[in-house]
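Start at 1 with the first residue, then count along the sequence. Atoms within each ligand, like the ligands themselves, are counted from 1 in listed order. We use all heavy atoms of the structure for the numbers below, so side chains are in, but hydrogens, waters and symmetry mates are not.
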Amino acid sequence: MRLSVIGCGYLGAVHAAAMASIGHDVIGIDVDPRRIESLTRGEAPFFEPGLQDLLTEGLQYGRLRFSTDVANAAGAAVHFIGVGTPQQPGGDAADLTFVNAAVDSLLPHLSEGDVVAGKSTVPVGTAAELAPRVSAAGATLVWNPEFLREGWAVQDTIDPDRLVAGVPSGRDGERAAELLKDVYRPAVDKGTPFIVTDYATAELVKVAANAFLATKISFINAMAEIAEVTGADVTQLADAIGHDVRIGRRFLGAGIGFGGGCLPKDIRAFAARAEELGRGESVNFLREVDAINLRRRDRAVELVVEGLGGSVYGKKVAVLGAAFKPHSDDVRDSPALDVAVRLNGLGANVVVTDPQAIENARRLHPQLTYEADRDETIRDADAVVLVTEWDEYRRELTPDHASTLTDGRVVVDGRNGLEASAWRAAGWQYYGMGRP
Ligand code: UGA
């Protein structure tokens, strides 16, 4: 099928490349000429495992093209909207400027029977508001939320665990759902659940999923806070409750909490939308989820201060990680970088390393010192702080090797990823999050 994807950020670029890889003829559109130039050269504009290969392949076989001109979307049967919905400056609600602009720019290029499929994460009610504009152009709007995880985006797009389509009632809606099924044919034929529902449910499925994941992380981090005053170990607690299949162990990783371009802004936008709807109290707990999450960053800083005897001033602190999670170069609302910035603010000589995110981190926080080499980062450090659990730091860095690089013997494990007993046995003072 011919498809267009409006917006070539994390979501759109991966979607475009993945759709081309399953055999569609795809044009990706973005207003940023630099991004389009880079994609046209076959260069992924950000680090996402597998994306580079899909781009090369799609461009080579002529199934994938990119353009800054939305007129080139004309002729596609399905037009995906994958632009960002960031947090409004000075508020919690989602900023829909880009969604509105994308839809408006597309309208003159739609043909009778086209489907416009919104993938961006939007406040419930957005699709119903956009639908009349799309219908007036002879097309049908569907809401098709995306559940991809950064770092696994290609796999999650090609082989998702479920597909959701919010469609209008009646023939147009039924037809649009069938068309969308054709787009995702390989996954549908494999038996992937394909849930056809109304707009509001589709929009809510997305924010509810992210709200649940954020709540799960903050739940275990709240347990970590209790563990810290009782001498309990939150990682053992998570293992033990995780054996209950109703609870499950995934997303019970206590540490410095969640960040990134999605969970933090999505829970805030959800709370803001619920308030607009007069149901603020229903999701008031999300404010608490947010507060617990942010407190864990303070806790990591406190542990470094404690480990260094009450002050970090003038001490070298090696910060392992800048990305908001491993397998990503994304530093948006990164807890790792936030911890580094706070330590720097306390007068520490902070050196940050990361296998992928240094460039992005430097752009955001040029005041920090960056070092590409892990061992050079650790060399002569008074404290080592693990904040993004890349394998290079979590699995491959042994305490014995670290001991050859520095006489400092303080390690703060902001992701509970290190083997505490091994580090202690090697003479290090080990501090975990919610662990004795
Ligand atoms: C999240 C959702 O997981 C995706 O399903 C969703 O599609 C996406 O947002 C989105 O809305 O676009 P992502 O932001 O890529 O995906 O990252 P996650 O894997 O959810 O991790 C979020 C944060 O939680 C990271 O900072 C991670 O380090 C942290 N985390 C995760 C924990 O602190 N503990 C855990 O146990 C798991």
Item to check | Charged N-O contact under 4.0 Å between D298 and R295 | outcome: no
Next on the checklist: Can you confirm whether the side chains of N349 and K316 place a donor and an acceptor under 3.5 Å from each other?
Outcome noted: no
Checklist entry - So F47 and W390, would you call those rings parallel, tilted or perpendicular, with 30° and 60° as cut-offs? => result tilted
Next on the checklist: Could you walk me through whether V234 and M433 satisfy the side chain to side chain contact (heavy atoms under 4.5 Å, CB included) test, starting with their C-alpha distance in whole Å, then the side-chain angles of each, then the deciding distance to 0.1 Å, before giving a yes or no?
Outcome noted: CA-CA 8 Å; V234 76; M433 304 286 291; 6.0 Å; no
Next on the checklist: Does any part of the side chain of L130, heavy atoms only, come nearer than 4.5 Å to the side chain of W143, both counted from C-beta?
Outcome noted: yes
Next on the checklist: Determine whether a donor-acceptor pair (N or O, by modelled atom type, separation under 3.5 Å) exists between the side chain of D156 and the backbone of R149.
Outcome noted: yes
Checklist entry - So which residues, sorted by chain and number, lie with a heavy atom under 4.0 Å of ligand 1? => result E146, F147, L148, R149, E150, K206, N210, L213, I217, F251, L252, G253, G257, F258, G259, C262, L263, D266, F324, K325, R415
